[in-house]
Amino acid sequence: MKDIYEPGSLTQAIDFHLAHSVGKTPDTASTTDWRLALSRAVRDKLIAPWFEATNRTYAKDRKRVYYLSMEFLLGRILEDAVNNLELEDDAREALAKHGVSFADVVNDEPDAALGNGGLGRLAACFLDSMSCLGIPAYGYGIRYAHGLFRQSFDQGKQVEMAEDWLRHQHNWEFERSECLYDIGFGGEVIETGAQAKWSPSDIVMAQAYDTPVAGWQARWTNTLRLWSAKPKKIFDLDPFNRGEYMQAAAPAVLAETISRVLYPDDSTETGKALRLKQEFFFTSASLQDLLRRFLTHNGDLRALPTKVAIQMNDTHPAIAGPELIRLLSDVHGLSFDDAFDTAQNTLHYTNHTLLPEALEAWDVGLMRSILPRHMQLIERIDDRLGRDVAMSKTGVTPRIVENNVVNMGTLAFTCSRRVNGVSALHTDLMKQTVFSDLHKVYPERILNQTNGVTPRRWLHGCNPGLRDLLNETIGTEWVSDLEQLENIAPLADDPAFRKRFMAIKQDNKRRLADWVAENMNLQISPDAMFDIQIKRIHEYKRQLMNAFETAALANAIRREPDADWTPRVKFFGGKAAPAYVDAKNIIRLINDIAQSINTDPVIGDRLKVVYPPNYNVSLAEMLIPAADLSEQISTAGKEASGTGNMKFALNGAVTIGTLDGANVEICDHVGATNIYIFGMTAAEVQAAREGYVTQDYIDRSPILNEVIEQVRTGFYSPGDPTRHWPVLEKLLRDDYFMVAADFDAYWDAQRRVDGGFANKDAWARMAVLNTALSGWFSSDRTIQGYAKDIWGIDSLAGETE
Ligand code: F58
């Protein structure tokens, strides 16, 4: 199929869509109208490559990947699509003809925030890379009506508001009103002989919405298929006619609840049931859909693994094990053993956390009431595991169902051919800790695929200054072959190149400073070091340690204002789960510390603290290119990988970090002299747990002690001196993440950073080398690893007919 527009005819396409899709004339069009028109024009350009990719996959009956993820944290779509199609100049010009700014138009788009953090953003990077590499793939997820909540601050406290990304027309998707599947809940299982039939008591429908995902230069285009819940029966007329309008509408409302909101946590009982329903809803719809597609070409379902690889992004879709077995056996007639083997050879599971509280476990009673047939199958799968365990003679006793809960990690592991961690350290720890028993029974199953990030969004798109410098210096191939950045490494020693590199950084910092002045009513100097920690607020990520260090630095400045300080602006960004009280307390403390420092005339420009509300992908795209220092300071052993750490390094920020997650590999790549590593290792953290007393560490650190005393006596909350006691109480009672133990090492490392930044040439050299040597952290490399080691799928891009 040919492109419907002539090359260079974007103007014509935008004008067409402004009139025919949006229904406006140029003189009445708002920024949003122009955005909708441009989005339609750009979407048109995706259609030909999309059809071609689909046809080629079909024609050759190629193996496909199905990436099942509860979350796809896409961010804005328009600018990314424009970049991938290299239409930026055309779009800018076309809009300029009408006196409209391209930047205003792309910034008008709300973020598609269908994810919480790293896990969801990783899924979005993977979609981009699979399209760039020409790997036939579908992303499957949920079309939440409301994505991650919007955050604001009220006197420093986090306030959550519902997000509403679909309020304006969403121009990227195609509604597939014919693509519907029944999803059952509850009811009973009727067994006749060896046959089981599940008869659910409630049924909702899953309806597909497809978004084309174009890869770099539209070499290949895959599909993101998101499911929306619809009622089976649209309306109850009887109660309506009786005037009982609420009752008439209730069944539909209840059904639609399933895809209404992205869950930021699951701390309430009702929340738990709804989340389990969401998980089953999208998993079952996806499996039914892919089986239907498989059966259009193939007869024997036992051949499924030759044509299909399913990747489960964490345990959220882990019900895929029993559901696939159910579909294969109860619906399509395979024996349980054949169904199990087929499912297991098709499924793969990625683990993203070892934190015990984040490992999913469902109450057996809840599972049985919502998914009675699946609970039976889980017990049979557990028996199979029991047999393998006995045969292995390892002496270990892993079980899926234990103490009346279904352990979803063990279920996912048992039903998968391959299980992977997301960084080298995390994968080792998986083998030693959470999955040590299963690893003994199945020593071949666990492997590592260190995370990566897409260079299209996280360098080419968000840092146009650096993009242009790179294009001019080493050509443009780096965009789809990121390790070519190594070619700039020798230029770290070239003063002229360093100067240009740092001038770009300075421009990015100036832009951010302008944004802060305009949006936060705070003046910051772009000459200061921009020190940034942006990520979900969690105790293990230790924003608290950063806040304490910030307060301690302010104290030191107040004592000796005329000493030779390296001016800094500390940025914090991130949301806390609404029910995570300890994290919300930390947010309030940071905001109070910021208020105290920013209004202190003695401190002045030597230190400022900025915490913009509602951190999201778009804000990250502005902050990361402007960073000098990247904060990656989690307690060693707790951050599975991190991906922000990679984005910062790629954009020429130097990392201060612990030997945790992928920081270890970043250190290996950029070199130990170009990163500030401090603190305990994962093994040292384990050893320090024995007899740990927070107060002992505080007593040994006069710097930390002073800050703790200030917090205790209300220095940061003068009208309300006890406000931050809960933070201290928690710390003193249970400093599980060892803020006190690592504080002095962190303080010392920060003072080394001060010295490092003061030496402009040496710092610039480090910055250049960080960009040059982090090309390995492209998600293209990660996806190539999955394709080769896990999925057994080749690229189709560039392959001749
Ligand atoms: C993150 N997990 C890891 N979970 O913490 C991070 O180290 C890693 O780099 C990233 O995955 C990608 O592998 C993560 O983001 C969540 O957001 C959960 C989603 C479900 C609700 C609880 C949080």
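All ligand and atom numbering here is 1-based and tracks the order in the structure.
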F571 and F530 aromatic centres sub-6.0 Å: yes

Quick check on R275 - does any of its heavy atoms sit under 4.0 Å from an atom of ligand 1? yes

At a 4.0 Å threshold, what atoms of ligand 1 neighbour a non-hydrogen atom of N116? 17 (O)

Please identify which atoms of ligand 1 are closer than 4.0 Å to at least one heavy atom of H316. 19 (C), 20 (C)

Under 4.0 angstrom from ligand 1, any heavy atom of N451? yes

With K638 as the cation and F737 as the aromatic partner, state whether NZ or CZ is under 6.0 Å from the six-membered ring centre and within 45° of the axis. no

So, is G120 polar-close to ligand 1, with some N/O to N/O distance under 3.5 Å? no

Does any N or O atom in K541 lie less than 3.5 angstrom from one in ligand 1, N or O only? no

Contact between ligand 1 and E71 is defined here as a heavy atom of the residue under 4.0 Å from a ligand atom; is it met? yes

F72 ring centre to R143 NZ or CZ under 6.0 Å, with the angle to the axis within 45°? no

D582 and Y580: side chain donor to acceptor below 3.5 Å: no

Parallel, tilted or perpendicular, as decided by the 30° and 60° cut-offs, for the rings of H460 and W216: perpendicular

Atom 9 (O) of ligand 1: which of G642, G118, G421 has the nearest heavy atom? G642

Using a 4.0 Å cutoff against the non-hydrogen atoms of Y540, which atoms of ligand 1 qualify? 5 (O)

Can a salt bridge be assigned to the pair K272 and D363 using a cut-off of 4.0 Å between side-chain N and carboxylate O? no

Atoms of ligand 1 close to A640 [distance to a heavy atom under 4.0 angstrom, numbered from 1]: 7 (O)

Taking the inter-plane angle between the rings of Y746 and F743 on a 0 to 90° scale, is it parallel (under 30°), tilted (30 to 60°) or perpendicular (over 60°)? perpendicular

